[in-house]
Number of protein chains: 2
Amino acid sequence: MKDTSKEDFLQLEKFLCFSVYSASHAFNRIYKPLLDQIGLTYPQYLVMVSLWQEDDQSVRSIGEKMYLESSTLTPLLKRLEANGLVMRNRDPNDERSVRIRLTEQGKALREKAEEIPTCILEATGLDIETAKRLNRDLRALRDQIEKPRRA
Amino acid sequence: MKDTSKEDFLQLEKFLCFSVYSASHAFNRIYKPLLDQIGLTYPQYLVMVSLWQEDDQSVRSIGEKMYLESSTLTPLLKRLEANGLVMRNRDPNDERSVRIRLTEQGKALREKAEEIPTCILEATGLDIETAKRLNRDLRALRDQIEKPRRA
DNA sequence: ACAATTTATATCGCGCACGATTTAATTACA
DNA sequence: TGTAATTAAATCGTGCGCGATATAAATTGT
């Protein structure tokens, strides 16, 4: 047998972390042409999805949901603000926190964005069941990894 | 029912792309403390894994395996070179391409890196079977998405 | 009330990651 | 053979993503 277990272990394709890494980039790439049409980047789109689901969130709240630091979100949100999609205002009840609210334009963008997920699911070639299972397993994996970080 | 199908659709957690996105970051984060010890970043580590598996590759070859552009790899490989882990030399048979070869130091690093995957698998809390299935499904997903891009 | 601590966001530097473009070498083919 | 087309890397600009640090506001403990 040519593949000893050690050699076997070193194959990139055997690394779960690489499959996740490359699948993540692959998603980024199919989303790009669709998101270009509505002027969003992929992370910006995910933030908008979160805001469409629940408007008027603090930076902190968005960060917790997206697993991102303020050092990532602050500039991203400023870009969304510069593009007229959100407003950033200090919370009068707690001047430390900044509330992010959708502008009318930001709300309106939802309509255009709504058809995107269907296009994507099509491109993945997945049946609903596999997609659901993958989603469930990946969430569990992420939560397991993040658990000690949030404790 | 409070969740209409449209509202339901907008939940971030229902987005497979977000699960992949956040799982990818999660992996990055657990690898970091381990990779810090051997002076590699996560993408650098993946390139090194590829080189440990097969030394003396062209930039192009690495790019195809990792799904990365030369605009990403060139600076990354220069950093590996600056750290004394690889050598970059034009291929005498085809001056267009650059061959990447491990230095002795780069080869030696493999020993230290070999224990990492075990630590990681432990942190994921996955049983082998689930890990294998996830890996298989994600590769299939990635390949399906990349297929039209490589055709 | 007030000093010490905690919390929320922002800033900075570094390293990806990509698209668009450039440069140089090779190949195709008229 | 010589010119056009293709190929391989590199360069540049933009936007993440994070750790370390800074700043300012709120909370805690006395």
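Below, chains carry the letters A, B, ... as their sequence lines are ordered, and counting in each starts from 1. Heavy-atom basis, side chains included; hydrogens, waters and symmetry copies ignored.
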**Student:** Considering only dA10(C), dC16(C), dA17(C), which nucleotide approaches the side chain of His25(A) most closely?
**Tutor:** dA17(C)
**Student:** For Tyr67(B) and Arg29(A), test the side chains for any donor-to-acceptor distance below 3.5 angstrom and give the result as yes or no.
**Tutor:** no
**Student:** Between dA8(D), dA17(C), dC16(D), spot the one nearest the side chain of Pro43(A), thanks.
**Tutor:**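 So the side chain of Pro43(A) is nearest to dC16(D).
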**Student:** Determine the contact category for Arg99(A): base if any of its heavy atoms lies under 4.0 Å from a base atom, sugar-phosphate if only primed atoms, P, OP1 or OP2 are that close, otherwise nothing.
**Tutor:**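 The answer is nothing, as Arg99(A) stays clear of every strand by at least 4.0 Å.
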**Student:** dA9(D) base to Thr74(B) side chain: any donor-acceptor pair below 3.5 Å?
**Tutor:** no
**Student:** What is the separation between atom CG on Leu68(B) and atom C1' on dA10(D), rounded to the nearest whole Å?
**Tutor:** 15 Å
**Student:** Please tabulate, one pair per line, each protein N/O and nucleotide N/O from nucleotides 25-27 of chain D that are separated by under 3.5 Å, including the distance.
**Tutor:**
| from | atom 1 | to | atom 2 | distance (Å) |
| --- | --- | --- | --- | --- |
| dA26(D) | OP1 | Glu95(A) | N | 3.0 |
| dA26(D) | O4' | Arg96(A) | NE | 3.4 |

**Student:** Output the single nucleotide from dT11(C), dG15(D), dA17(C) whose closest atom is nearest the side chain of Ser71(A).
**Tutor:**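 Side chain of Ser71(A) sits closest to dT11(C).
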**Student:** Would you indicate which nucleotide in dG15(C), dC16(D), dC18(C) comes nearest to any side-chain atom of Arg79(A)?
**Tutor:**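 Given the options dG15(C), dC16(D), dC18(C), the side chain of Arg79(A) is closest to dC16(D).
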**Student:** Between the protein and nucleotides 1-4 of chain D, which nitrogen or oxygen pairs come in under 3.5 angstrom?
**Tutor:**
none

**Student:** If only side-chain N and O atoms count, and only distance matters, is there a donor-acceptor pair under 3.5 Å linking Gln144(A) with Thr124(B)?
**Tutor:** no
**Student:** When we call it a touch if two heavy atoms are under 4.0 Å apart, what does Leu76(B) touch: a base, just sugar-phosphate, or nothing?
**Tutor:**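 It contacts sugar-phosphate atoms only.
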**Student:** So which nucleotide from dA17(C), dA10(C), dA9(D) ends up closest to the side chain of Lys78(A)?
**Tutor:** dA10(C)
**Student:** Which nucleotide wins on minimum distance to the side chain of Thr72(A), given the candidates dG17(D), dG15(C), dA10(D)?
**Tutor:**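 The closest nucleotide is dG17(D).
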